[in-house]
Asker: 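Starting off with a structure, shown below.
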Amino acid sequence: MKTEEEDRLIAHAVTRLSVKYPSISAAVVADAVASTHAHFDGHKVRDFVPLLVERMAGEKLSLLVAS
């Protein structure tokens, strides 16, 4: 179950990734994070979800920059 704390950490991930990838629009960054976050829906253990979301979304975004 998602918590307010998880939502806050996910929002911070969007901010950090937007800074890390300034050439990508904020909307694309937010979409990458949201789609990655949705991948974890239904998982019971949520402790590392924000960290995993940021890493996985960052990998998606780095592929966009490289192409």
Side-chain angles (χ1 to χ4, degrees):
M1 174 189 310
K2 290 192 283 186
T3 64
E4 287 182 29
E5 178 67 7
E6 183 176 316
D7 289 338
R8 186 183 67 75
L9 292 170
I10 293 296
H12 285 296
V14 171
T15 301
R16 282 190 297 275
L17 290 170
S18 292
V19 169
K20 186 173 181 177
Y21 299 100
S23 63
I24 300 176
S25 74
V28 171
V29 172
D31 286 344
V33 171
S35 67
T36 304
H37 194 209
H39 172 77
F40 292 96
D41 285 351
H43 288 85
K44 292 180 181 180
V45 178
R46 309 293 302 180
D47 295 340
F48 298 103
V49 168
L51 175 65
L52 295 171
V53 167
E54 186 168 352
R55 286 186 180 174
M56 292 171 69
E59 289 174 7
K60 288 181 185 180
L61 296 169
S62 69
L63 292 174
L64 287 176
V65 172
S67 60

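Please read these numbers as outputs of a predicted model, since none were measured by experiment.
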Asker: Starting from Val65, can I reach Leu61 by hopping between I/L/V/M/F/W/Y residues whose side chains sit under 4.5 Å apart?
Answerer: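 Yes, it is one cluster - the side chains of Leu61 and Val65 are joined through contacts under 4.5 Å.
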
Asker: What are the two closest heavy atoms between Arg46 and His43, and how far apart are they?
Answerer: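 Smallest interatomic distance, heavy atoms only, reads CD-O, 3.1 Å.
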
Asker: Looking only at non-hydrogen atoms, find the nearest pair between Val29 and Val14 and report the distance.
Answerer: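 So the two residues come closest at CG1-O, 3.7 Å.
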
Asker: Drop me the distance from Leu17's CG to Lys60's NZ, to the nearest 0.5 angstrom.
Answerer: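 So the gap between those two atoms works out to 11.5 Å.
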
Asker: Within this structure, what is the CG-OG distance for the pair Asp31 and Ser25, rounded to the nearest 0.5 Å?
Answerer: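 Reported value, rounded in 0.5 Å steps: 8.0 Å.
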
Asker: Write down the atom of Phe40, the atom of Met56, and the distance for their closest heavy-atom approach.
Answerer: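 That would be CZ-SD, 3.7 Å.
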
Asker: Supply the atom-to-atom distance Thr36 OG1 to Arg55 CZ, rounded to the nearest 0.5 angstrom.
Answerer: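 Here the interatomic distance stands at 14.0 Å.
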
Asker: Quick one: do the His12 and Arg16 side chains pair a donor with an acceptor below 3.5 Å?
Answerer: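 Note: His12 and Arg16 side chains miss the donor-acceptor criterion.
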
Asker: Which atom pair, heavy atoms only, marks the closest approach of Gly58 to Tyr21?
Answerer: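 Closest heavy-atom pair between Gly58 and Tyr21: O-OH, 3.2 Å.
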
Asker: Within a 6.0 Å radius of atom CD on Glu5, are there more than 12 heavy atoms belonging to other residues, nucleotides or ligands?
Answerer: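 Buried by this count: over 12 neighbours within 6.0 Å.
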
Asker: Locate the shortest heavy-atom distance separating Pro50 from Ile10; write the atom from each residue and the value.
Answerer: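 Distance-wise, the nearest heavy atoms are CA-CD1, 3.7 Å.
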
Asker: Ignoring hydrogens, what is the shortest heavy-atom contact between His37 and Val53? Give both atom names and the distance.
Answerer: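 Shortest heavy-atom contact: CA-CG2, 3.7 Å.
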
